[in-house]
Structure formats: C-alpha cells, structure tokens
Amino acid sequence: MRSILFTVTLALWGSTTLANDQALLLGVERYANLDRVSGATDVADAQDALKAVGFDVQVQTNGAGADMTRGLTEFVSGVRNAERLVVGMSGAFVTDGDRSWLLPVDVADPILFNLAGAVSIESVLRVLAATPGQAVLVIGRDTSANDAYGPYVRDGLGDLEIPNGVTVVTANVGAAADLLVSMA
C-alpha cells in the first residue's frame with residue numbers, strides 16, 4: 001500500500017507551487033436508516049494537510065442531501081481557475097450497474113427513483129475532467145456491504161467511465177483516508 005501511495009503522490013504533485021487548488025472531502029458514517037460505515041468521516045483528517053500545501057478545502061461530514069449539494073456547488077464554483085483538484089468521498093455507495101452514488105446521511109430508502117441528495121460519481125468525474133492530469137478522486141467504501149435495495153440498486157460501485165487525465169483510487173475507508181492525508 002505504501003508504494004501505491006508514494007507513486008500516486010509523486011505523479012500528481014510533482015509541482016510544489018501554490019496555486020488555486022481545490023479539494024472536497026465528503027464523509028458519511030452515521031446513516032439515519034442504513035448501517036454505519038465506521039471511519040468514513042476520517043477523510044476530513046486530510047483537511048489541514050491539504051490546506052498546508054495550498055488547497056482551498058470544502059469539508060462535509062455526515063451531511064444531509066441538501067448540505068452535500070451546497071458543498072458540491074461551492075466546490076464547483078472554484079474549479080474553473082484551479083490547477084489541481086482533489087475529491088475524497090467515503091461512506092455508503094450504491095449503483096444501478098452503470099451509475100454510482102454516495103448516499104447522504106438522510107437517505108430514506110436507496111431505491112432507483114429515491115436518491116434525492118445522493119452524490120453522483122459520474123457528475124464528480126465530469127467536474128474533475130476539467131483539470132486533466134491534475135485531478136484525483138479517492139473513494140473509500142465499505143467493501144463488506146452487499147445489500148440490494150429494490151430490483152435496480154445494490155451496494156457498491158458500478159463500472160466507472162473515468163475521463164482521460166483523472167486518477168481514481170478506490171479502497172476501504174481507512175486506506176482512503178490515509179491516502180488523502182499522505183497526498184499533501
């Protein structure tokens with residue numbers, strides 16, 4: 001794991017100049033209606049380290065759907081002039097096989113047409129594609145979860161179509177938080 005962290009860090013942060021870099025850290029651990037994802041909010045531990053190397057960091061832990069939407073909107077407003085982008089997401093993810101979402105703390109029943117406030121991984125990837133070669137998405141998820149929610153949605157991630165120039169790392173929640181801290 002150490003060599004992966006070192007390789008990713010070197011590849012992305014070859015330049016140490018301070019720029020208008022943007023980071024978004026979303027972690028959801030304590031769900032109202034789902035099992036807890038222990039350690040998912042640890043992604044927020046990377047905040048200080050990222051700020052120290054020049055990132056403007058937005059953090060949302062255990063956010064309701066409306067809060068996560070506000071955080072994403074604020075992040076996107078700073079992306080246009082950013083040289084480097086980092087998004088860390090950790091918690092419960094669901095997929096319909098083609099699309100994937102991070103669930104907010106207040107998700108009632110994660111069925112296909114009831115994902116209000118969930119964060120679309122595909123939309124995040126689209127935003128990250130604006131900074132090719134300097135964009136990273138780190139996903140921390142509960143790899144032991146295997147629930148199905150209705151006929152079209154299940155735990156986990158679907159097949160992600162990763163844009164050119166975007167690096168995506170998926171891991172368990174602890175490894176994802178460690179990677180985000182070590183990137184700075």
Side-chain angles (χ1 to χ4, degrees), residues 22-44 57-80 85-132 135-177 179-180:
Q22 299 291 316
L24 174 66
L25 304 172
L26 300 172
V28 184
E29 183 171 326
R30 296 179 183 266
Y31 287 91
N33 298 307
L34 301 176
D35 291 339
R36 180 178 181 178
V37 181
S38 185
T41 57
D42 290 352
V43 296
V57 183
Q58 304 296 321
V59 177
Q60 180 68 60
T61 57
N62 290 320
D67 297 330
M68 290 173 66
T69 299
R70 276 190 294 279
L72 285 159
T73 302
E74 190 171 334
F75 172 72
V76 169
S77 71
V79 166
R80 178 168 296 199
L85 299 175
V86 172
V87 175
M89 304 170 75
S90 192
F93 291 85
V94 296
T95 183
D96 66 1
D98 294 320
R99 297 167 298 169
S100 301
W101 298 268
L102 170 64
L103 298 175
V105 71
D106 59 346
V107 66
D109 186 17
I111 58 174
L112 187 58
F113 297 111
N114 191 24
L115 294 172
V119 178
S120 164
I121 304 302
E122 289 73 21
S123 294
V124 170
L125 288 170
R126 175 176 269 169
V127 170
L128 292 175
T131 312
V136 179
L137 172 60
V138 178
I139 297 173
R141 65 185 200 88
D142 180 359
T143 55
S144 67
N146 62 0
D147 291 325
Y149 302 104
Y152 301 107
V153 178
R154 62 175 167 74
D155 272 329
L157 299 172
D159 295 329
L160 300 176
E161 290 189 33
I162 302 168
N164 287 333
V166 176
T167 300
V168 177
V169 179
T170 61
N172 67 46
V173 294
L179 173 61
L180 285 163

message: Are V37 and S90 packed together at the side-chain level, in the sense that at least one heavy-atom pair is separated by less than 4.5 angstrom?
response: no
- prompt: Hey, are the side chains of L125 and V168 touching, using non-hydrogen atoms and a 4.5 Å cut-off?
  reply: yes
- prompt: CD of E161 to CZ of R126: how many Å apart, nearest 0.5 Å?
  reply: 11.0 Å
message: To the nearest 0.5 Å, what is the distance between CG on D67 and CG on L72?
response: 11.0 Å
statement: Here the gap from L137 atom CG to L128 atom CG, rounded to the nearest 0.5 Å, amounts to 6.0 Å
field: Heavy-atom side-chain proximity of Y149 to V107 below 4.5 angstrom
entry: no
- prompt: Any side-chain heavy atom of F93 sitting closer than 4.5 Å to one from D142?
  reply: no
- line: Of all heavy-atom pairs linking A108 and N114, the shortest is CB-ND2, 4.2 Å
- request: Heavy atoms only: give me the nearest D98-D96 pair and the separation to one decimal.
  value: N-OD1, 2.9 Å
field: Contact check, side chains of Q58 and V87, non-hydrogen atoms, under 4.5 Å
entry: no
query: What pair of heavy atoms forms the shortest contact from S120 to W101, and how long is it?
result: CA-CD1, 3.7 Å
task: List the atom of P104, the atom of A64, and the distance in Å for their closest heavy-atom pair.
output: CB-C, 3.8 Å
- request: Any chance you could measure D147, atom CG, to D155, atom CG, to the nearest 0.5 Å?
  value: 4.5 Å
- line: Rounded to the nearest 0.5 angstrom, the OG1-CG distance for T61 and D42 is 10.5 Å
message: When you compare the side chain of L103 with that of V28, does any pair of heavy atoms fall below 4.5 Å?
response: no
- request: Let me know which of N62, D106, L102 forms a side-chain contact (heavy atoms from CB on, under 4.5 Å) with M68.
  value: L102
query: Please, which pairs that meet salt bridge (charged side-chain N to carboxylate O under 4.0 Å, His left out) have at least one residue in residues 30-40, sequence neighbours excluded?
result: E29-R36
query: Shortest non-hydrogen contact from A171 to A176?
result: CB-N, 4.1 Å
field: pair I121-R99: side-chain heavy atoms closer than 4.5 Å
entry: no
message: Would the distance check show the side chain of N172 and the main-chain N or O of G174 forming a donor-acceptor pair, the cut-off being under 3.5 Å?
response: yes
- request: Report yes if the side chains of V173 and T41 come closer than 4.5 Å at any heavy-atom pair, otherwise no.
  value: no
message: Please check if the number of heavy atoms outside E122 that lie under 6.0 Å from its CD is greater than 12.
response: yes
- prompt: Atom OG1 of T143 and atom CG of L157: how far apart are they, to the nearest 0.5 Å?
  reply: 11.0 Å
Minimal non-hydrogen separation, F75 against L85, with atom names: CZ-CD2, 4.2 Å
